[in-house]
Structure formats: structure tokens, C-alpha cells
Amino acid sequence: MKEILQDKSFAELKALVSAEGEKPFRAKQLMEGLTQGKKLSEIPVSAALRARLAERFEEEPVRILETLTARDGTKKFLFALADGNIVEGVLMKYKYGNTQCVSTQVGCRMGCRFCASTLGGLVRNLTAGEILAQILAVNRAEGGSLKKRAVTNVVLMGSGEPFDNYENVVRFLRNLTAEEGLGMSARNISLSTCGLVPAMRAFADEGIPLNLTVSLHAVTDEERARTMPVANAYSIAEILDACAHYFQKTGRRYIFEYSLIAGENSDIAHAAALAELLKGKPCHVNLIRLNAVKERHLRAADERMAQAFLQELLSRGISATLRRSMGSDIGGACGQLRAKYLGAADAGLPKSCEAGFGEEEPQA
């Protein structure tokens, strides 16, 4: 696999063209072409420079392999990487703009029982450019430009644990927010972690004040460990302390995701305990209707239970919302489109398949 040009910052592109003996304006041409989602061969630089770059860099590190569209306009994308690996993403359309959910790893090693992304374990990390290229490809496919983006918000909630790929994710975020590129505000970006405490604390010092979201899904360490192996390494108390550090450093409130699982964490007693745990903290709770993964044998709480849980939090002064489902007619949780695609390939079946995803992203 060759290098990925989308990994590079504008300063690095300037150094690259200088090393190639080219004039500085070539770096701007490269940056504009890449940000428009163009293949290397489509960027209007000299033929000689393009040929030299093609020897070293991928022509198209990420391409859209398949798109499924729901009745509500939500789209699920299957992306092919240059080495043959597959990842997926979602574009959700709202009144305030379009939000893209991106993957940060091929697979995941966190082992959360409610997530399809972990079923095959971790294959490899994505580079910063592969994460960014997912957005560039969708922005182009949806008719976006540098001046009017079709992708206005980004959430790092696809396959993978972002903080398990820390250096590449931070580089991606710096390139995504750079003025020379898409120039997206950090306030329009959300990052979801299962609670890798050392990385959470380190990220607070990076100076990227995005919306930090933590997958909590339980009110005690013992209950959390039943569905999230990471709970054996980091306690809820440590997570809350890291969140407080993030708020102190950034001034940004933090968000907790809480999937309502029947028989596990979704009764009124759990709601009361969660409210007590979070009382007085600058946070918001996003309740999620579990998108069942057949291999995991967990059931979603019903609508009555979900509404009762929400009302209990609100009555106790906790800021909370119950996410509305999107793209339900193309079904499935994060990671299932890739799993079905690879399963069909292994079985010699057509690779097109039903797939789907979760819910609305948290808002700060």
C-alpha cells in the first residue's frame, strides 16, 4: 500500500512540493483538489508532478463502494480502502445541516456486547487521511464544494474506538479543522469513546474543543463490565474525573450515551441511580434505543420503558434526550453492513445487502 496524500497538512504539502522542485502554489492546488474529493489524477497540477506523486501516493485511498438510502433521506455508505479493507459510514440529514458519521478503525477490539463492529476484532487502524477521505468522498458525492459543504457536522462514532487510534485521530481532527482544508469548527464535531481514561485526559490538553461523548450504558462498574470489557480497566469514577478535567480545560460540557437494554439497565431504579451519579455535573445524557445485533442476544427496552426512563431523568434535573431513530428501514447497527458484505463475499453471494445504523448524534 502506498502513502496517503490526504494524511498531510498544508504545511507538509508545501514541504513536499518544495522537495519536488515545484513552486509553492502547487501545494494550494493539491490541497484544493484533495479537499474537493478528487482523485490524484484529477488534480490540475503539472503532468510531471502528478506522475511523480503517483509513484508514491495512492490514487484514491477511499472510494464509495455501495450506498443505501432510507426513506427519510439517511444514507449508509460502504467504503473500500486501497488495501481491500472495508469500512462504513452514515450521512444523516437534519434541518440544521448534514451530519456524517465516520469510522476510525477497521473493526474494533473493545468487545462491547451491543456493538457489531467488534465481532471480527480489530484489523487495523485507519490513517488520518483515510478518516478524512471518507468525508471528502461523501461531500463530493452529495454535491458539496469548498464554499458550500454538503457535510456540515462530523461524528466519530462509526467502527472503531477513536482513542485507540489516538495519534491518527488527532491528526485527522487538526486537518479537518484547518483553514486551508474544510475548515470545520470543532464545535461541529463529536467524538465518542468507550472511556479510555488516559487518552481522554490527554485529549483535553490538545486544544480541540469538540463535543466529547462517553458510552456509559450502566450506573455501576459491575453492571458496566457485563457489556463493556473496558470497565475492567477504568472505573466510572475515573471516567467522571476525566470528564471533569475535559470541562475544566475546554469549557465544553460532556455527553453520555446510554443504550437502554431490557433486563440490564433500563428500569426506573437505574434511571434514579444515573440521575444521582450525574447530579450537578455539566453534562447531557443521550438515551439510545438499542439497535439489536443478532450475534449478541441483547434486547432493546420498549418505547414505554424508554419514555419512563427519560421522564425520570428530567424530573430529577438531568439534561437528557431520547434519540430519534433514523434510517430504520435499512436497519442494523454500526458495523453490520461491513459484516454482511464480508459474509456474503465469503459465501460467494452477491455483496449487496440490507444494512443500517443508529441514531441522531448528540448536540452540545
Side-chain angles (χ1 to χ4, degrees), residues 1-67 77-89 91 100 102-106 123-151 154 165 167-184 338 341 345 351:
M1 183 170 163
K2 298 179 182 178
E3 293 180 59
I4 294 173
L5 202 53
Q6 289 84 347
D7 280 337
K8 296 191 175 297
S9 66
F10 185 55
E12 290 168 333
L13 287 179
K14 289 194 289 186
L16 175 65
V17 299
S18 177
E20 293 287 344
E22 297 281 347
K23 294 181 179 179
F25 75 89
R26 295 297 188 193
K28 184 177 180 181
Q29 289 179 322
L30 284 174
M31 178 58 78
E32 288 183 350
L34 294 172
T35 306
Q36 290 167 2
K38 292 182 177 180
K39 302 176 185 178
L40 179 55
S41 61
E42 297 174 327
I43 300 175
V45 294
S46 68
L49 175 59
R50 190 183 301 112
R52 293 197 300 273
L53 292 175
E55 293 177 358
R56 177 178 168 186
F57 296 97
E58 292 289 350
E59 159 77 351
E60 187 181 22
V62 174
R63 65 182 176 87
I64 298 174
L65 183 63
E66 187 171 353
T67 305
F77 297 93
L78 194 66
F79 299 106
L81 308 181
D83 65 353
N85 273 302
I86 302 293
V87 294
E88 61 190 271
L91 185 68
Q100 184 174 345
V102 299
S103 293
T104 56
Q105 296 177 308
V106 181
V123 178
R124 70 169 175 87
N125 288 329
L126 298 185
T127 73
E130 287 175 318
I131 304 170
L132 180 60
Q134 295 170 58
I135 301 168
L136 302 180
V138 170
N139 189 59
R140 183 181 188 182
E142 294 294 307
S145 65
L146 294 179
K147 293 183 179 180
K148 187 174 178 59
R149 297 193 307 267
V151 178
V154 168
N165 186 16
E167 291 184 4
N168 283 313
V169 165
V170 170
R171 172 178 276 266
F172 154 73
L173 291 169
R174 296 202 186 284
N175 289 346
L176 177 62
T177 56
E179 291 182 9
E180 301 87 357
L182 284 177
M184 186 171 292
R338 173 177 175 267
Y341 183 93
K351 294 181 180 178

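All heavy atoms count here, side chains included; hydrogens, waters and symmetry mates do not.
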Visitor: Under the side chain to side chain contact (heavy atoms under 4.5 Å, CB included) test against Val87, which residue among Leu65, Val106, Thr104 passes?
Guide: Val106

Visitor: CG of Leu30 to CD of Glu180: how many Å apart, nearest 0.5 Å?
Guide: 13.5 Å

Visitor: Looking at CG of Leu34 and CG of Leu13, how far apart are the two atoms once the value is rounded to the nearest 0.5 Å?
Guide: 6.5 Å

Visitor: Mind checking side chain to side chain donor-acceptor pair (under 3.5 Å) for Glu58 and listing every partner two or more places apart, or none if nothing turns up?
Guide: none

Visitor: Please identify each residue that fulfils side chain to side chain donor-acceptor pair (under 3.5 Å) with Gln134, with sequence neighbours left out.
Guide: none

Visitor: Could you tell me whether a side-chain N or O of Lys8 sits under 3.5 Å from a main-chain N or O of Lys14, the two making a donor and an acceptor?
Guide: no

Visitor: Going through the checks in order, is the side-chain contact (heavy atoms from CB on, under 4.5 Å) test met by Phe57 and Glu3?
Guide: CA-CA 5 Å; Phe57 296 97; Glu3 293 180 59; 3.6 Å; yes

Visitor: Any side-chain to backbone donor/acceptor pair from Asn139 onto Val151? Under 3.5 Å, distance only.
Guide: yes

Visitor: For Ser41, which residues count as a side chain to side chain donor-acceptor pair (under 3.5 Å) partner, sequence neighbours excluded?
Guide: Glu59

Visitor: For residues 134-146, which residue pairs pass the salt bridge (Lys or Arg N to Asp or Glu O under 4.0 Å) check, not counting sequence neighbours?
Guide: Glu42-Arg140, Lys75-Glu142, Lys93-Glu142

Visitor: For residues 167-176, please give each side-chain donor-acceptor pair under 3.5 Å, one per line with the distance, not counting sequence neighbours.
Guide:
{"residue": "Asn168", "atom": "ND2", "partner": "Leu126", "partner atom": "O", "Å": "3.3"}
{"residue": "Asn168", "atom": "ND2", "partner": "Asn165", "partner atom": "OD1", "Å": "2.9"}
{"residue": "Arg171", "atom": "NH1", "partner": "Asp7", "partner atom": "O", "Å": "2.9"}
{"residue": "Arg171", "atom": "NH1", "partner": "Glu12", "partner atom": "OE1", "Å": "2.9"}
{"residue": "Arg171", "atom": "NH1", "partner": "Glu12", "partner atom": "OE2", "Å": "3.4"}
{"residue": "Arg171", "atom": "NH2", "partner": "Glu12", "partner atom": "OE2", "Å": "3.0"}
{"residue": "Arg174", "atom": "NH2", "partner": "Glu206", "partner atom": "O", "Å": "3.0"}
{"residue": "Arg174", "atom": "NH2", "partner": "Glu206", "partner atom": "OE1", "Å": "2.7"}
{"residue": "Asn175", "atom": "ND2", "partner": "Asp7", "partner atom": "O", "Å": "3.1"}

Visitor: Can you tell if the side chain of Leu182 reaches within under 4.5 Å of the side chain of Leu136, non-hydrogen atoms only?
Guide: yes

Visitor: I need the minimum non-hydrogen distance between Thr177 and Met184, along with the two atoms involved.
Guide: CG2-O, 3.0 Å

Visitor: Hey, are the side chains of Glu20 and Arg26 touching, using non-hydrogen atoms and a 4.5 Å cut-off?
Guide: no

Visitor: Between Arg63 and Ala80 (side chain of the first, backbone of the second, donor and acceptor by atom type, cut-off under 3.5 Å), is there such a pair?
Guide: no

Visitor: Among residues at least two apart in sequence or on other chains, which ones pass salt bridge (Lys or Arg N to Asp or Glu O under 4.0 Å) with Glu32?
Guide: none

Visitor: Roughly how far apart are Ile43 CD1 and Gln29 CD, rounded to 0.5 Å?
Guide: 9.5 Å

Visitor: Apply side-chain contact (heavy atoms from CB on, under 4.5 Å) to residues Leu5 and Leu16 and explain how you reach the verdict.
Guide: CA-CA 10 Å; Leu5 202 53; Leu16 175 65; 3.7 Å; yes

Visitor: Does Arg124 pair with Glu130 as a salt bridge, N-O distance under 4.0 Å?
Guide: yes

Visitor: Determine the minimum heavy-atom distance between Gly181 and Met31, stating which atoms define it.
Guide: CA-SD, 4.3 Å

Visitor: Testing the basics here: between Pro44 and Arg50, what is the closest heavy-atom pair and its distance to 0.1 Å?
Guide: CA-NH2, 4.1 Å

Visitor: Under the side-chain contact (heavy atoms from CB on, under 4.5 Å) criterion, do Phe79 and Val102 qualify, and how do the steps go?
Guide: CA-CA 10 Å; Phe79 299 106; Val102 299; over 6 Å; no

Visitor: Apply the test side-chain contact (heavy atoms from CB on, under 4.5 Å) to residues Val62 and Leu81: give CA-CA distance (whole Å), side-chain angles for both, the deciding distance (0.1 Å), then the verdict.
Guide: CA-CA 5 Å; Val62 174; Leu81 308 181; 3.7 Å; yes

Visitor: Are Arg52 and Glu22 close enough, and set up right, to give a salt bridge (charged side-chain N to carboxylate O under 4.0 Å, His left out), and what steps lead you there?
Guide: CA-CA 12 Å; Arg52 293 197 300 273; Glu22 297 281 347; 2.9 Å; yes

